[in-house]
Amino acid sequence: MQDPNADTEWNDILRRKGILPPKEVPKEDEEEEAEILKQQSVVKTYEDMTLEELEENEDEFSEEDERAIEMYRQQRLAQWQAAQIKNKFGEVLEISGQDYVQEVTNASKDIWVILHLYKQGIPLCTLINQHLAFLARKFKDVKFVKAISTTCIPNYPDKNLPTIFVYRGGDIRAQFIGPLVFGGMNLTQDELEWKLSESGAIKTDLEENPRQQIQDQLMSSIRSSFASTKDLDSDED
């Protein structure tokens, strides 16, 4: 008589038809499968846990599980710390002269600090503050601060406003002083982002200087206009 547990094509057909019962799984295979499911369950359990939950339930894990969990805990902690650093700021902090040393000079050596000196009533300063508010939300690992100029530097001339200083490790790495440097009220958010990225303070996703694009378009427009005028002169002749 043919063995109903044999791995044959005919027996497979009979099982699908319901004539033969399902193939018996050896006990050793059942135990191995059960152990695998148990391990997967443990892994899934501690991967879904927070760091606090891991500490609360650590008595329930075996020694082997505890080693795996400790590695996982360290990985989660490193990810959390990296996220905290990356999203540390996110807004423009208003400071006074008294805050300058603490917030700028004594800032962590690994942090870029962008300081905008401004005054109320100067339109370009207002525009730059608006741009910086957006950039602060975009680059949350960079510290953006602003201060009324004379509170940080007594008698600082208004003709030098707006002024942006870029710091790292307490040292000035770049400075932008006066309206001409920024291109006046035509300054766009992308242009300011590019300008700050050239100092190394931020890592922009812009592929090229947007100001150069405007200049290229302007020169193209001028050349087209000149060519049209030349054609008209030729027609008149």
Side-chain angles (χ1 to χ4, degrees), residues 85-223 225:
I85 293 173
K86 188 174 182 180
N87 299 298
K88 188 171 184 178
F89 304 108
E91 61 182 6
V92 181
L93 177 67
E94 179 87 34
I95 67 170
S96 65
Q98 296 176 340
D99 306 318
Y100 178 83
V101 173
Q102 178 182 345
E103 299 294 343
V104 178
T105 307
N106 291 344
S108 172
K109 63 180 182 179
D110 296 325
I111 293 176
W112 287 93
V113 181
I114 295 175
L115 169 65
H116 177 212
L117 297 181
Y118 75 101
K119 261 192 178 179
Q120 300 285 356
I122 298 179
L124 185 54
C125 289
T126 302
L127 178 64
I128 288 179
N129 276 335
Q130 293 172 355
H131 291 337
L132 291 179
F134 176 86
L135 295 177
R137 292 192 296 271
K138 183 176 180 180
F139 302 99
K140 295 182 180 180
D141 57 331
V142 177
K143 187 174 186 179
F144 289 82
V145 294
K146 63 181 180 179
I148 294 177
S149 57
T150 50
T151 65
C152 287
I153 306 176
N155 302 317
Y156 192 73
D158 289 355
K159 68 178 182 179
N160 289 347
L161 300 179
T163 292
I164 290 181
F165 293 125
V166 179
Y167 292 83
R168 186 176 173 89
D171 298 324
I172 294 180
R173 299 300 181 89
Q175 58 185 16
F176 308 95
I177 300 175
L180 293 179
V181 173
F182 296 100
M185 289 299 293
N186 292 322
L187 176 72
T188 67
Q189 182 179 287
D190 284 348
E191 289 170 5
L192 182 57
E193 178 177 332
W194 183 268
K195 191 177 291 291
L196 293 175
S197 73
E198 289 183 317
S199 72
I202 60 178
K203 296 180 180 179
T204 181
D205 52 6
L206 299 173
E207 296 182 354
E208 59 181 2
N209 186 349
R211 171 65 69 173
Q212 186 62 45
Q213 294 177 351
I214 295 174
Q215 290 175 346
D216 291 343
Q217 292 172 0
L218 180 60
M219 290 303 297
S220 177
S221 176
I222 292 173
R223 284 194 294 268
S225 177

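Keep in mind that the numbers below use all heavy atoms, side chains included, and drop hydrogens, waters and symmetry copies.
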Partner set under side-chain hydrogen bond (donor to acceptor under 3.5 Å, both in side chains) for Thr204, not counting sequence neighbours: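 Result, side-chain hydrogen bond (donor to acceptor under 3.5 Å, both in side chains) vs Thr204: Glu193.
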Gln175: side-chain hydrogen bond (donor to acceptor under 3.5 Å, both in side chains) partners, not counting sequence neighbours: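 Not a single residue meets the side-chain hydrogen bond (donor to acceptor under 3.5 Å, both in side chains) criterion with Gln175.
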Pairing residues for Lys119 by the salt bridge (charged side-chain N to carboxylate O under 4.0 Å, His left out) criterion, not counting sequence neighbours: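 By the salt bridge (charged side-chain N to carboxylate O under 4.0 Å, His left out) rule, Lys119 matches Asp158.
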Residues forming a salt bridge (charged side-chain N to carboxylate O under 4.0 Å, His left out) with Glu91, sequence neighbours excluded: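 Testing Glu91 for salt bridge (charged side-chain N to carboxylate O under 4.0 Å, His left out), a comparison that skips the adjacent residues, returns none.
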To the nearest 0.5 angstrom, please state how far the [atom1] atom of [X] sits from the [atom2] atom of [Y].
X: Ile148; Y: Glu94; atom1: CD1; atom2: CD; answer: 6.0 Å
X: Lys203; Y: Leu196; atom1: NZ; atom2: CG; answer: 15.0 Å
X: Ile114; Y: Lys146; atom1: CD1; atom2: NZ; answer: 14.5 Å
X: Leu117; Y: Ile164; atom1: CG; atom2: CD1; answer: 9.0 Å
X: Leu161; Y: Lys159; atom1: CG; atom2: NZ; answer: 11.5 Å
X: Ser199; Y: Tyr167; atom1: OG; atom2: OH; answer: 13.0 Å

Pro123 to Met185 - nearest heavy-atom pair and separation: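 Taking every non-hydrogen atom into account, C-SD, 3.7 Å.
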Ala147 to Cys152 - nearest heavy-atom pair and separation: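 Heavy atoms only, the tightest pair is CB-SG, 3.5 Å.
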Qualifying ring-ring contact (aromatic ring centres under 6.0 Å, His included) pairs with a residue from residues 108-136, counting only residues at least two apart or across chains: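 Counting only pairs at least two positions apart or across chains, the ring-ring contact (aromatic ring centres under 6.0 Å, His included) contacts touching residues 108-136 are His116-Tyr118.
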Residue pair [X] / [Y], side-chain heavy-atom distance below 4.5 Å:
X: Leu206; Y: Asp190; result: yes
X: Ile122; Y: Thr126; result: no
X: Arg173; Y: Asp171; result: yes
X: Ile95; Y: Val104; result: yes
X: Leu135; Y: Val142; result: no
X: Val145; Y: Val92; result: no
X: Val166; Y: Ile202; result: no
X: Phe89; Y: Asp141; result: no

Test log, rule side-chain contact (heavy atoms from CB on, under 4.5 Å), inputs Thr188 and Asn186: CA-CA 6 Å; Thr188 67; Asn186 292 322; over 6 Å; no
Between Thr163 and Tyr156: side-chain donor-acceptor atoms closer than 3.5 Å: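 Note: Thr163 and Tyr156 side chains meet the donor-acceptor criterion.
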Salt bridge (charged side-chain N to carboxylate O under 4.0 Å, His left out) pairs, two or more places apart, involving residues 98-113: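 Every salt bridge (charged side-chain N to carboxylate O under 4.0 Å, His left out) pair that includes a residue of residues 98-113, provided the two are not neighbours, is Glu103-Lys143.
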Ring geometry between Phe182 and Phe176 (parallel below 30°, tilted from 30 to 60°, perpendicular above 60°):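 Rings of Phe176 and Phe182: tilted, as their planes differ by 30° to 60°.
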Lys195 side chain vs Val181 backbone, donor-acceptor pair below 3.5 Å: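 It does hold such a pair.
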